[in-house]
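Structure first, then comments.
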Amino acid sequence: MELNDVRAFVRVVDSGSVSAAARALHITQSAVTKRLQRLEASLGAKLLDRTQRPVGLTAAGRSAVEKCRRLLNDMSDLRAAISNGHSVTLADVRIGVSHALGEVVLTEPLGAVREEFPRYGLRLTTGPSLDLLEQVRTSALDAAIILLPEADRLPAEVLGTALGKERLVILGPRKQQTRVRRIKDLEGVQWILNREGCGARAILQRELARAGIDVTAVVESATYELRLLLASQGRGLTLAPERLFRMSRSRSRLQILRVAGLHLPFTVWSVHRSSAELEPLLGRLNALLQTTLAKQPRSRDPRS
């Protein structure tokens, strides 16, 4: 097994396509494809479902991807230990950020932390909250900022700080009369959602399943702004944190659908494994995020 093959696999998963991975690795698409094929041959299993857009993981791929991440991280730490001539330090901090919180976390708060803690190299990744929580649990990430249903509890081996509250809202096109008043009115509705692994999608499925309603996703996308745009065009209903709706470019063309008996309160968590060295950095990041989350979001719609 070649490390470059492992690196190509992880890059394709993170970027969602072979072409994007090729650009990031500065090689051709055919070279990325060959590396993927070589890795799959060495493991004796297909890792990627190339029929999906973005590229999806097979069952074997889901089992392999975090182990591959840890392998690459371990090699990076080994090189650092040898080149420095002493034990590995936590100079690189791997932080995950939920898709729903990217715009809140990745701008001013992390920018301030970079300036205040220049000796740390922050390695950032975005993804669904449940996936990021599992990566913290398995030490593939040092910390993550995630969104979880209010009633959910953290795994015993993960430490966490509750930073604030977020409410998820159901959104539909403002130009259409959408007759959704009760949970039963959501039967047969087409949805525009994040992929499986998203905490918001999971709680929606759980709440509607109690009423005997299946959730049918006609579009799956990790990009909130795209989902809101498609919902504003009448392609289906979508689900988003109210904060992102208020900030969206599509806000003027969307309406919040109030559904009696359906409440989706979420908590913003900062989660991490135990690490005394990271406490000052994470403590500062948490304080900045609490201040940011307490502010009302500014709308991008000049008419509101």
Side-chain angles (χ1 to χ4, degrees), residues 10-11 14-15 24 66 69-70 72-129 131-148 154-155 157-166 199 222 224-225 241 243-244 246-247 266-300:
V10 171
R11 183 66 69 172
D14 289 344
S15 63
E66 296 312 324
R69 291 187 202 278
R70 289 199 294 274
L72 294 175
N73 289 332
D74 288 345
M75 287 303 299
S76 177
D77 289 345
L78 176 59
R79 290 192 182 99
I82 293 173
S83 63
N84 293 336
H86 53 69
S87 60
V88 178
T89 64
L90 289 175
D92 283 332
V93 183
R94 302 159 297 179
I95 299 178
V97 180
S98 165
H99 288 311
L101 300 168
E103 195 153 347
V104 177
V105 179
L106 295 175
T107 51
E108 295 178 11
L110 269 173
V113 168
R114 284 183 187 278
E115 292 183 4
E116 294 181 33
F117 297 86
R119 78 182 185 91
Y120 289 92
L122 300 184
R123 295 165 54 186
L124 308 174
T125 184
T126 61
S129 290
D131 288 354
L132 297 177
L133 179 59
E134 177 62 15
Q135 290 180 51
V136 173
R137 191 187 70 80
T138 59
S139 299
L141 289 174
D142 296 307
I145 311 300
I146 62 174
L147 200 60
L148 292 179
L154 299 177
E157 60 268 47
V158 173
L159 305 177
T161 301
L163 302 178
K165 302 293 183 183
E166 285 290 323
Y224 270 98
E225 198 60 48
R243 178 181 301 273
L244 287 188
R246 301 295 179 195
M247 298 168 64
F266 272 61
T267 300
V268 180
W269 285 94
S270 170
V271 296
H272 61 93
R273 303 279 294 187
S274 179
S275 172
E277 187 163 354
L278 288 183
E279 284 180 5
L281 183 151
L282 293 178
R284 180 58 176 152
L285 177 59
N286 291 348
L288 291 168
L289 286 174
Q290 285 175 323
T291 300
T292 300
L293 290 168
K295 297 176 183 176
Q296 291 298 316
R298 288 178 295 178
S299 171
R300 287 180 176 148

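Counting begins at 1 with the first residue of the sequence.
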For the residue pair [X] and [Y], what are the closest heavy atoms and their distance?
| X | Y | answer |
| --- | --- | --- |
| A140 | R94 | O-NH1, 3.6 Å |
| A144 | V136 | CB-CG2, 3.7 Å |
| T267 | A162 | CG2-CB, 3.9 Å |
| F266 | L147 | CD2-CG, 3.6 Å |
| G96 | L132 | C-CD1, 3.9 Å |
| L163 | Q290 | O-CG, 3.5 Å |

How far does [atom1] of [X] sit from [atom2] of [Y], to the nearest 0.5 angstrom?
| X | Y | atom1 | atom2 | result |
| --- | --- | --- | --- | --- |
| L278 | L159 | CG | CG | 11.5 Å |
| E279 | N286 | CD | CG | 11.0 Å |
| K165 | L293 | NZ | CG | 11.5 Å |
| I146 | Q135 | CD1 | CD | 11.0 Å |

Can you spot which of P109, S270, P280 makes a side chain to side chain contact (heavy atoms under 4.5 Å, CB included) with L285?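 For L285, the side chain to side chain contact (heavy atoms under 4.5 Å, CB included) check succeeds only for P109.
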Quick one: does S129's side chain have a donor or acceptor within less than 3.5 Å of a partner on L148's backbone?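 Not a single qualifying donor-acceptor pair exists.
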R284 side chain vs A112 backbone, donor-acceptor pair below 3.5 Å: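 Not a single qualifying donor-acceptor pair exists.
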Using the salt bridge (charged side-chain N to carboxylate O under 4.0 Å, His left out) rule, collect all pairs that involve residues 267-276, keeping only residues at least two apart or in two chains.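 Qualifying pairs, neighbours excluded: none.
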For V113 and Y120: C-alpha separation, side-chain torsions, deciding distance, then whether side chain to side chain contact (heavy atoms under 4.5 Å, CB included) applies. CA-CA 9 Å; V113 168; Y120 289 92; over 6 Å; no
Beyond-backbone contact of L154 with L133, side-chain heavy atoms, under 4.5 angstrom: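 Of all side-chain heavy-atom pairs linking L133 with L154, at least one is under 4.5 Å.
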Assess the residue pair L289 and L101 against the criterion (side chain to side chain contact (heavy atoms under 4.5 Å, CB included)); give the C-alpha distance rounded to whole Å, side-chain angles, the decisive distance to 0.1 Å, and a yes or no. CA-CA 10 Å; L289 286 174; L101 300 168; over 6 Å; no
Go through the steps to decide whether R69 and D14 satisfy the test side chain to side chain contact (heavy atoms under 4.5 Å, CB included), and finish with yes or no. CA-CA 11 Å; R69 291 187 202 278; D14 289 344; 2.8 Å; yes
Check the pair D142 / R123 against side chain to side chain contact (heavy atoms under 4.5 Å, CB included), numbers first and verdict last. CA-CA 10 Å; D142 296 307; R123 295 165 54 186; over 6 Å; no
Sequence neighbours excluded, which residues qualify as salt bridge (Lys or Arg N to Asp or Glu O under 4.0 Å) partners of R70?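 Counting only residues at least two positions away or on another chain, R70 forms no salt bridge (Lys or Arg N to Asp or Glu O under 4.0 Å).
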